Amino acid sequence: MRYLMIGVMALMVWGATPSWAHDQTRIYSFGVVPQFEPRKLAAIWRPILTEVEKLTGLHLHMTGSPDINEFERGFLRGDFDFAYMNPYHAVLAAKHQGYLPILRDHGRKLSGVLVVAKDSPITHIKELQGQTIAFPSPNALGASLLMRYELAEQHGLTVEPLYVKTHSSVYLHVALGQAVAGGGVLGTLKRQKPAVKSRLKVFYTTRKMPPHPITAHKRISPKVRQQIQQAFLKLGQSKKGQAMLANIPMKRMGVAAQKDYAVLNDWQLEHYYVAAQ
């Protein structure tokens, strides 16, 4: 009987996995809003996540989405443990799934830009009335959602939207003359190939807002959230890390909070938001 009890106790000890061990063996999904095509997105984010893994000992799996609609469906279902998303997505993700902003760029603010061809004859925004304008998707915040809101509400314009999935596709459509104008953000415009970028000019800029946050689902423990937060902050302190984060783009990594995005609730963007089907 004595040996039986010892054996049972040994099995109990062997089978009891401490919480830190779960942290080290679990794979955490990391979603990224698809601003670029998948290969470019992976080239930007995979090295960053690898460095974060080294700093934390945690395992992160980048979860791709073919387009912004699928990314939206993902965070509305709570698919991602962590996710990099636009500010309005952060508001929706908090409301529907309890995602918490934990990190954001403190070196810049986000605004949408409307580009036209460098040799475009358009000189006044009213000339865009009835024209075809390319957007990544209905709910890309600066590039489409806020842009369409301002064109309609502030300038009284009705335009023909052409949704082309990514920021890069928007710029290419305008450069090739397949759309009179296109919505994007300055960060993605700067990262276009010179052959495309040199054929475009910024025609209009929206109001500014806090930039994209990295968010964590409410199911993630405070300990793990803090580990990820501290790793990104440390990455942002080295020259190597800064160069990697600049590709997102993030200039100065800092802590984020839900209150940073409260202003978006006052902008009535819900009237222009298109729910993912």
Side-chain angles (χ1 to χ4, degrees), residues 33-37 65-73 85-92 109-193 195-212 263-277:
V33 63
Q35 294 174 306
F36 303 106
E37 60 273 20
S65 303
D67 53 44
I68 292 177
N69 282 340
E70 184 55 38
F71 175 75
E72 289 173 358
R73 285 189 282 267
M85 57 180 62
N86 80 40
Y88 195 65
H89 282 162
V91 172
L92 295 175
K109 287 197 171 184
L110 175 70
S111 58
V113 295
L114 194 68
V115 299
V116 296
K118 190 160 281 186
D119 59 356
S120 172
I122 292 176
T123 59
H124 193 278
I125 197 163
K126 293 292 186 182
E127 295 175 62
L128 294 176
Q129 173 64 27
Q131 299 282 7
T132 296
I133 298 182
F135 299 104
S137 74
N139 303 329
L141 180 57
S144 178
L145 187 59
L146 181 58
M147 184 67 71
R148 290 184 295 110
Y149 171 85
E150 290 197 4
L151 291 178
E153 301 296 334
Q154 295 185 1
H155 302 285
L157 298 178
T158 300
V159 301
E160 187 67 34
L162 174 65
Y163 298 116
V164 295
K165 295 190 176 182
T166 68
H167 288 227
S168 298
S169 290
V170 167
Y171 303 131
L172 190 59
H173 271 71
V174 179
L176 294 176
Q178 295 171 352
V180 170
V185 296
L186 203 55
T188 59
L189 178 60
K190 287 180 177 179
R191 278 156 184 78
Q192 297 307 301
K193 294 178 180 178
V196 174
K197 189 167 57 175
S198 64
R199 299 175 68 173
L200 305 173
K201 64 181 178 182
V202 174
F203 181 73
Y204 175 80
T205 303
T206 69
R207 74 189 82 177
K208 296 181 182 296
M209 70 198 95
H212 292 45
V263 65
L264 273 74
N265 291 313
D266 301 328
W267 290 1
Q268 300 180 324
L269 297 178
E270 64 272 14
H271 299 303
Y272 291 83
Y273 178 79
V274 179
Q277 300 299 315

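The shown structure was predicted, so the numbers you read here are calculated from the model rather than taken from an experiment.
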Using modelled atom types only, decide if a donor and an acceptor are shared between the side chain of T206 and the backbone of M147 within a distance under 3.5 Å. no
When you look at L264 and L141, which way does the side-chain contact (heavy atoms from CB on, under 4.5 Å) test go after all the steps? CA-CA 10 Å; L264 273 74; L141 180 57; 3.8 Å; yes
Any idea which heavy atoms bring V196 and A175 closest together, and the distance? CG1-CB, 4.2 Å
What pairs with T188 under side-chain hydrogen bond (donor to acceptor under 3.5 Å, both in side chains), at least two apart in sequence or on another chain? H167, Y171
Strictly distance-based, threshold 3.5 Å: is any side-chain N or O of R191 a donor or acceptor partner for the main-chain N or O of G187? yes
Just verifying a value: how many Å separate K193 NZ and L172 CG, rounded to the nearest 0.5 Å? 9.5 Å
Is the number of heavy atoms from other residues, nucleotides or ligands under 6.0 Å of K190 NZ greater than 12? no
All side-chain hydrogen bond (donor to acceptor under 3.5 Å, both in side chains) counterparts of T158, not counting sequence neighbours: none
Would you compute the distance between atom CD of E72 and atom CG of D67 and round it to the nearest 0.5 angstrom? 9.0 Å
Solution key, residues 109-122 side-chain donor-acceptor pairs under 3.5 Å, sequence neighbours excluded:
{"residue": "K118", "atom": "NZ", "partner": "S198", "partner atom": "O", "Å": "3.1"}
{"residue": "S120", "atom": "OG", "partner": "I122", "partner atom": "N", "Å": "3.2"}

If I take atom CD from residue Q131 and atom CG from residue L151, how far apart are they, to the nearest 0.5 angstrom? 12.0 Å
So salt bridge (charged side-chain N to carboxylate O under 4.0 Å, His left out) across residues 141-152, not counting sequence neighbours, yields E150-R207
Under the ring pair (Phe, Tyr, Trp, His ring centres under 6.0 Å) test, which residues partner Y88, sequence neighbours left out? Y273
Any idea which heavy atoms bring P34 and S65 closest together, and the distance? CB-O, 3.7 Å
To the nearest 0.5 angstrom, please state how far the CG atom of N265 sits from the CD atom of E270. 8.5 Å
Measuring from F71:CZ to I68:CD1, what's the distance to the nearest 0.5 Å? 8.5 Å
Nearest atoms (heavy-atom pairs only) where E70 meets P66: CG-CD, 3.7 Å
Neighbour count >12 (heavy atoms, 6.0 Å) for atom NZ, K165: no
Tell me every residue that passes side-chain hydrogen bond (donor to acceptor under 3.5 Å, both in side chains) with E127, counting only those two or more places apart in sequence or in another chain. T123
Around K201, counting heavy atoms of other residues, nucleotides and ligands shown, do more than 12 lie under 6.0 Å from its NZ? yes
Taking all atoms of both residues into account, what is the closest heavy-atom pair of V159 and L128, and its distance? CG1-O, 3.6 Å
All pairs passing ring pair (Phe, Tyr, Trp, His ring centres under 6.0 Å) where residues 116-157 contributes a residue, at least two apart: Y149-Y272, H155-Y204
V274 backbone acceptor or donor facing N139 side chain under 3.5 Å: yes
List in chain and number order the residues that pass ring pair (Phe, Tyr, Trp, His ring centres under 6.0 Å) with H212, two or more places apart in sequence or in another chain; answer none if no residue qualifies. Y84
Worked verdict on Q192 versus L200 for side-chain contact (heavy atoms from CB on, under 4.5 Å): CA-CA 10 Å; Q192 297 307 301; L200 305 173; 5.9 Å; no
